[in-house]
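This report refers to the structure that appears directly beneath it.
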There are 2 protein chains.
Amino acid sequence: MGTTLRKKERQKLLKEYIEKEPFVTDERLAKHFNVSVQTIRLDRLALGIPQVRERVKSVAEEIYEPLRSLQQSELVGDLLDVQLEQGGLSVLDINESMVFKKNKITRGHHLFAQANSLAVAVVDAEVALTGSARVRYLKPVLLGDRVVAKATVKYKRDNKYLVQIISKVNDEMVFKGQFIVFATKY
Amino acid sequence: MGTTLRKKERQKLLKEYIEKEPFVTDERLAKHFNVSVQTIRLDRLALGIPQVRERVKSVAEEIYEPLRSLQQSELVGDLLDVQLEQGGLSVLDINESMVFKKNKITRGHHLFAQANSLAVAVVDAEVALTGSARVRYLKPVLLGDRVVAKATVKYKRDNKYLVQIISKVNDEMVFKGQFIVFATKY
DNA sequence: ACTGATTTATGAGTAGGTACTAATAGTTAG
DNA sequence: CTAACTATTAGTACCTACTCATAAATCAGT
């Protein structure tokens, strides 16, 4: 900052700053706004912003609980040959419950679920989370078909993985997807 | 616990316990294992497990960065009429770059991206994250089509939302999806 | 009973606060 | 011009959840 601002303006900026950078301490904030640590504390108090440890904890908790519940959701398909951080294979046999009665075509979300499960399994982590997915359904999959999904980790940066999934029935591609999966330590 | 265990066994259980419940303090652990706080600290030291504040922080940081980068990814489609926590509408005009040259059919991921963007936008949060999605492509969408995606928040529990997206072209359903979206405060 | 491993206790120091009091500087109203 | 009020800063005691170092107590096996 350098310059000293008035109270109102500073508090507005302070709020924005903490929203963007929630893990910052009062000391760093004091330096940034060129005021004392006490002033920052009064500001936080006035704005109802909790201390940095509370902020960190709330982010961790809010995220951790859904992650855990996602993790518990069962695996779709049988995993074969998973090489962590590289790729893997999963097999799903299409049964009566997965298809539309009328035409015996598999409901799309089963293929999605198989692919998603595999993408998550391939990532080497206690807990993994699908950030986003782009999927394409290429051919209808029918009752009795055996769907073989193949995962390839396209790239990894930090704890972010891009996993490509190609699902085939009798060597014919039926589904293709790219999943961005995040890994976390705990 | 009640009973007192030997060192090795206790350390094994301690590690498992912290993996399941990473936000627990040494004091709680000491009570749980019926030993002193100092013993827990020696155990953590031996196992290379950092203190609770570090553990909380690492969960928050690992998750927060990818969340932020996801947030920055641009919105697909134009938002109209978003009622936070309830529903919304988005319009996407299909142009040359979104279709296959051969048959002028829209690449599936554009519909996915529009739906995903809308699902995230509808959630009332600074930052939101797609946990999982189930999508179905119902009819091919062609060059020049105007895709109207409609979002409905089906239920909300804590910071977890189930958002249904129905996309139509000229009142005909072309895409349907259910997105589970997580919201976070910061 | 002795010895070594294990456990517990004690004290000092740390970060990042809360909650409070007191002093000072700056602004505004009468 | 001065009293009143607001804003800022300083300082204190206390808190949690530790780390690191050292010492004492306890327990288990021979």
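These numbers come from a predicted model, not from an experiment. No hydrogens, no waters, no symmetry mates; every other heavy atom, side chains included, goes into these values. Reminder, nothing fancy here: chain letters follow the sequence lines and each chain counts from 1.
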How many whole angstroms separate atom [atom1] of [X] from atom [atom2] of [N]?
{"X": "Ile40(B)", "N": "dT6(C)", "atom1": "CD1", "atom2": "P", "value": "16 Å"}
{"X": "Gln51(A)", "N": "dA17(D)", "atom1": "CD", "atom2": "C1'", "value": "12 Å"}
{"X": "Phe23(A)", "N": "dG16(C)", "atom1": "CZ", "atom2": "P", "value": "14 Å"}
{"X": "Asn34(B)", "N": "dT7(C)", "atom1": "CG", "atom2": "C1'", "value": "13 Å"}
{"X": "Glu27(B)", "N": "dT16(D)", "atom1": "CD", "atom2": "C1'", "value": "9 Å"}
{"X": "Arg10(A)", "N": "dA7(D)", "atom1": "CZ", "atom2": "C1'", "value": "8 Å"}
{"X": "Asp43(A)", "N": "dA7(D)", "atom1": "CG", "atom2": "C1'", "value": "10 Å"}
{"X": "Glu54(B)", "N": "dT14(C)", "atom1": "CD", "atom2": "P", "value": "17 Å"}

- Item | Spacing of Leu111(B) atom CG and Ile165(B) atom CD1 [to the nearest 0.5 Å] | 11.5 Å

[X] side chain to [Y] main-chain N or O, any donor-acceptor pair under 3.5 Å?
{"X": "Gln11(A)", "Y": "Ala46(A)", "result": "no"}
{"X": "Arg44(B)", "Y": "Ile49(B)", "result": "yes"}
{"X": "Arg28(B)", "Y": "Phe23(B)", "result": "no"}

Side chain of [X] - closest among [options]:
{"X": "Asp26(A)", "options": "dT9(D), dT18(C), dT8(D)", "answer": "dT18(C)"}
{"X": "Ser36(A)", "options": "dT9(D), dG16(C), dT8(D)", "answer": "dT9(D)"}
{"X": "Leu45(A)", "options": "dA19(C), dA15(C), dT19(D)", "answer": "dA19(C)"}

- Start at the 5' end of DNA chain D and walk down; is the nucleotide closest to Arg41(B) or to Arg53(B) reached first?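 The residue whose closest nucleotide sits nearer the 5' end is Arg53(B).
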
- Task: Assign Gln38(A) to base, sugar-phosphate, or nothing according to its heavy-atom contacts below 4.0 angstrom with the strands shown.
- Result: base

- Message: Using a 4.0 Å heavy-atom cut-off, does Arg44(A) contact any base of the nucleic acid, only the sugar-phosphate backbone, or nothing at all?
- Response: sugar-phosphate

- Message: On DNA chain C, does the nearest nucleotide to Leu42(B) precede the nearest nucleotide to Thr25(A) from the 5' side, or the other way round? Give the residue.
- Response: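 Residue closer to the 5' terminus by nearest nucleotide: Leu42(B).
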
- Message: Both Lys57(B) and Gln11(B) contact DNA chain C. Which one's nearest nucleotide lies toward the 5' end?
- Response: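 In this pair, the answer is Gln11(B).
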
- Query: Once the angle between the rings of Phe33(B) and Tyr17(B) is folded into 0 to 90°, is it parallel (under 30°), tilted (30 to 60°) or perpendicular (over 60°)?
  - Reply: perpendicular

- Query: Under 4.0 Å between a side-chain N/O of Arg6(B) and OP1 or OP2 of dA28(D), yes or no?
  - Reply: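 Arg6(B) to dA28(D) OP1/OP2: no side-chain N or O under 4.0 Å.
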
